[in-house]
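What follows is a short report on a single structure.
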Amino acid sequence: MIRLRNLERSYPLAKEKFFYVLREINLDVQEGDFISVMGPSGAGKSTLLHILGMHDHGWRGEYFLDEAAVHHLKPKERATLRNEQIGFVFQQYHLLDDLTVYENLDIPLSYRRYSKSERAALVADMLDRFQIVGKKDLYPRQLSGGQQQLVGVARAIIAAPKLLLADEPTGNLHSSQGEEIMELFRKLNDEGMTIVQVTHSEKNASYGKRIIQLRDGWIVNK
Amino acid sequence: MILDSFRQDVRVGLRVLFKDKIFCFLAVLVLGLGIGGATTQFTIVNAIVLRGFSFPHPEQLMSVGLIDPKASDQNNNFGLGNIPTAQDYEDLKAAQKSFSMMAGYLSGSTINVTYKNNPQRYTGGYVTEDLFKIIGVSPVIGRDFTAADNKPGAEKVAILGDEIWRRDFNADPNIVGQGIRINGKAATIIGVMPPNFKFPISEELWTPLYNEFPPQPRGDLRLGASNNAPAVMGRLQPGVTLDQANAEFIALARHLAKDNPKTNQNFTSASVQPLLHAFTGTQFRQQVWGMLAAVILVLLIACVNVMNMQFGRAALRAKELAIRGALGATRWRLVRQMLTESLVVAVFGAIAGVIIAYWSLDFFVRAINTLPFPAPYYWRFTIDGPVLVFTVVITLLATIASGLVPAFLSARGNAAEMMKEGGRGNSSRLVNAITRVLVVAQIALTAGLLIAATLEITSVRNQMKLDYGYDENAVYAARMGLMEGAYPSDDARREFFKRAARGLRANPQFESAAMSSRFRMTFDAQGQYEVDGQNYLTDRDRPRGNFESVSDNYFSALGLKILEGRDFTVDDVDSKQPVAIVNASFARKYWGNQSAIGHQLRIFNPGQPQPWRTIVGVVPDMLMQGPFDQQTNSVGFYMPLLGASPAPQFLTILARPRAGQQADTLGPALSRAVAEIDSNLPTYFAGTPGRFHNEILSGNRIIATLFTIFGIVAFILSAVGLYGVMSFSVNQRTQEFGIRMALGADAARIFRMVMTQGAWQLVIGLILGAGGIALLFGVVAAAALKNILFKVNALDPTIYFAVAGMLTLVAAISCFVPARRATRVDPMVALRYE
């Protein structure tokens, strides 16, 4: 599903000198895979995730998503591809403070071509599936951290992406809440969703089918 | 203790402000503009309305007038009332008990003086003997007037003003007792008034009233402009209130009306008002206060701007405040610190404002000095104690208005949360809501101000592009006064008119010459008239129109053709066959397509019935009342000046240059030509009618200019404010935009979001501002505006839409930059923001 070839990401320092965040990344991710990316702080984990998510465009190399050559796509085409294929889960949940749970779930759909009735049906389904119907009119600040991340995951998958990218999804949660989220990821993976997560936790990493270790921008194992 | 912490807060405030130079500069500039504008306008209000006279107990000085309750406000001298005859003043004075003293005066009069064979025209006052005593000012050289001086037939005396004594009488210390000629009669100088004294308005010398104009017995009374009835003032007895004085004079007016129905039947009420009101006029005072309101609005807009900037800063400093809170600072202590910083900014703003006020007052005084009519001498536009107190008060209010809410909200943040959030700030919904409301308020205030300014500018533009009906720059005009001394009878004046007409027309420099009663070729008489064949049930049914006395050749001198009938001739004499020429509007109004020739009209004057005049000609319409009157229509008629009975004392002479010569170069030739006819007769108010019309609008132009400046300042402040708030809002929402983009929003959608937010604020602000001003101008102040706005509909939709369009444009530009910035948010950076 994903094919990275000689992917590099760097930032200019002084004259013609660069600081490399990622070096010669070659990676294949199969459909239905569940990969955990690990490594110390500054290893390039989040950068890799943002490149996969097509938020970062300043890289070199080749990136194929399915058969699409992302490295040849224009930003607008990348945005379209991202909207069709990718969902995001963040460590800080990043729910919009001024919107209710229902409205937060509706946002990704509002940015895609769904009719109003389709959106209502999908949101209702998702509320049901995650058992948060009773919380649909609450604001994020009225939820616990675990509940907020639950909404964050629901929001990430509501538009039925094939690939779910998660940046330390349990980083702000206590262990039981973290387990709940990881179980949810496993279930989603079992249902066929491809997942790439960044984590510091060995335990959470073990939910994945594969672990990738990053050190100073290099993949040190696969 | 509090003082110590205040000092510390000031020190910290100065340090923080100097660190944040852009904020400091912008805030001081914005507040400086607001405080400067308010200080300037308050100096003007203080000079014109508040400070008043420097005489002892000026609050006791009152004006007195009789009121016709059924007449219009304008005909009742805008509520001040009139004294119909000098005899009314004498009767009132004898009967009243409210005043300890009363005095009568004619101000702003022309007085011709010849000193050492040099004729000069001065603006003087004809006054009763008590005028200087009532105000408590005495001559510094010589003596005051006595009752004996004021008697008709007494030896003529005069008191000089300090300025002309120095300028035209060489500051001669032995001036008292020297002889001059006043209005052609021998007179003696008896005194010189103190420096800077020009009471009541801008008089340069004074002479007794009844000595010049003996009061006529009631049986021989003349109503109208030529009866020389004085304006009247009185000084309230100690303990007598304004209401008591009004009650007494209303009762006296009823008695006079009952006892003298021929002259006073309509004047059944009276008005006693502070003298200062009589000199400034209600409409003018309203205008001056209105302008202060306008600059206070500008100051409010400035405060709103600074408040928004403070919100921006408070958000950035939230962590610092949280730490202070965690270290034990109470909420009140934090509020005090923030307020002290606001005070420091406001004090710098006030200093800038006072400098701006000095500069703009200098500009204003120079503009005032170009006015054709001198401003009252007691108007002194100086920044004195009361003005500085006002500046201090508005500075404190500006501090509170711009700083209190941001200080209060930023001091209420939760320290623990704030520090946990890593200093992102308490961008609470409340702050966002307040800043949005502030922008709405700012747009509303600016819309209101811009609409008011545009209406005023349109009014002045209408006045400036009026068609007077002739080429105003093709003739030269000058005014002259034929005083009783040199021209004691109607015959003497008529003889002068004929000599003058002959002399001027024989002058090779003039193609034609004529005479008119029109003042500065701008205003003339206005009143009720009657037309033959019309029935008038009551006096009030008679229409109002304009009339003017003119010599033969007047119309040709102005380049106009007689449309029907004939011009006046030297043989048109009122005592033989009174005639009139009507304008086209008059003829059309009464006789449509029929000929007006042969019909009759007359001026309506119940006190002194006027002769019926036979219409002998019809001429094109000319504007007969200048650029202010919009009450009467263009209907008007002309009467022969050379054969008028009584013959007018004041007239304007007109000369048209020969082909190839400019009219405005005729001044010296016209002066020489008049001197050849009477070497003791000064001419004044000389120039082309075009210049007079231009000068007469200079006051309105100043007001329009000030409104334009206020409007531009408000406009700029609004643009800056809107930009600031949108910019602040975009900064606050960076993370939100990042999330939205990560969830699939494209740049166009984010751009639309920001622009839509601005658009909502704009629309609500425009509706509130335009709606508010429409309500104010169309309903609340509609009557007052009729006198202020010249041929402008206060609800003119084009003006409202134009202002809305302008503000929309500036709002679009102000929102565009932040909106563009929002689209460039890097989701990766935004999502790591925390």
Side-chain angles (χ1 to χ4, degrees), chain A residues 9 11 21 46-59 75-99 103-114 139-141 152 154-159 161 165 167-168 171-172, chain B residues 315 318 413-414 416-437 728-754 756-757 760 820 822-834:
Chain A
R9 177 67 169 111
Y11 294 96
V21 183
S46 292
T47 304
L48 178 62
L49 209 65
H50 280 293
I51 290 171
L52 291 177
M54 295 177 225
H55 292 146
D56 190 342
H57 304 294
W59 43 270
K76 208 167 177 181
E77 292 165 333
R78 288 183 187 182
T80 307
L81 185 64
R82 182 181 63 219
N83 281 357
E84 285 167 1
Q85 308 262 19
I86 302 173
F88 274 94
V89 176
F90 308 101
Q91 180 180 358
Q92 283 95 356
Y93 332 131
H94 287 322
L95 301 180
L96 294 181
D97 293 342
D98 296 337
L99 304 187
E103 290 164 338
N104 264 291
L105 292 183
D106 185 52
I107 288 186
L109 302 176
S110 73
Y111 296 148
R112 291 162 175 83
R113 294 175 187 278
Y114 289 94
Y139 286 94
R141 61 181 175 281
R155 184 181 65 179
I157 64 168
I158 193 164
L165 301 175
D167 192 358
E168 301 210 35
N172 279 3
Chain B
N414 180 317
E417 268 183 30
M418 204 77 67
M419 286 184 285
K420 197 170 69 189
E421 279 192 12
R424 187 164 60 95
N426 57 341
S427 58
S428 69
R429 277 194 303 284
L430 183 60
V431 171
N432 284 332
I434 288 174
T435 53
R436 286 176 202 185
V437 168
F728 172 60
S729 168
V730 165
N731 283 347
Q732 293 287 83
R733 296 174 69 188
T734 301
Q735 194 193 21
E736 178 195 330
F737 295 137
I739 296 168
R740 284 182 184 273
M741 287 174 127
L743 295 175
D746 56 12
R749 189 179 286 266
I750 298 291
F751 185 81
R752 267 203 311 278
M753 264 179 73
V754 178
T756 308
Q757 182 194 324
W760 271 113
R820 283 269 298 203
T823 64
R824 290 175 181 164
V825 166
D826 184 342
M828 199 169 72
V829 175
L831 295 175
R832 281 179 177 167
Y833 200 60
E834 289 195 330

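Note: hydrogens, waters and symmetry copies are ignored here, and every other heavy atom, side chains too, is used. Chain A is the first sequence line, chain B the second, and so forth, proteins listed ahead of strands; every chain is numbered from 1.
- The distance from atom CD1 of B/I750 to atom CE of B/M741, rounded to the nearest 0.5 Å, is 5.5 Å.
- Within residues 742-749 of chain B, the residues having any heavy atom closer than 4.5 Å to a heavy atom of chain A are B/A742, B/L743, B/G744, B/A745, B/R749, listed by residue number.
- We find the CZ-CD1 distance between B/R740 and A/I107 to be 4.5 Å, quoted to the nearest 0.5 Å.
- With values rounded to the nearest 0.5 angstrom, A/L49 atom CG is found 4.5 Å from A/L165 atom CG.
- A donor-acceptor pair under 3.5 Å is absent between the side-chain atoms of A/D167 and the main chain of A/S46, judged by distance alone.
- Taking the ring centre of A/Y114 as origin, the terminal cationic atom of A/R112 falls outside the region bounded by 6.0 Å and 45° from the ring axis.
- For A/R113 and A/Y111, the positive end is not near the middle of the six-membered ring at less than 6.0 Å and at most 45° from its axis.
- Once rounded to the nearest 0.5 Å, the distance linking CD of A/Q92 with CD of A/E168 reads 9.0 Å.
- To the nearest 0.5 angstrom, A/R78 atom CZ is 6.0 Å from A/H57 atom NE2.
- Rounding to the nearest 0.5 angstrom, the gap separating the CG atom in A/L52 from the CH2 atom in A/W59 is 9.5 Å.
- Interface residues of residues 82-90 of chain A toward chain B, defined by a heavy-atom distance below 4.5 Å and sorted by number: A/R82, A/N83, A/F88, A/F90.
- Within the 4.5 angstrom heavy-atom criterion, only side-chain atoms of A/L99, from C-beta onward, approach chain B.
- A heavy-atom distance below 4.5 Å is found between the side chains of B/F737 and B/V754.
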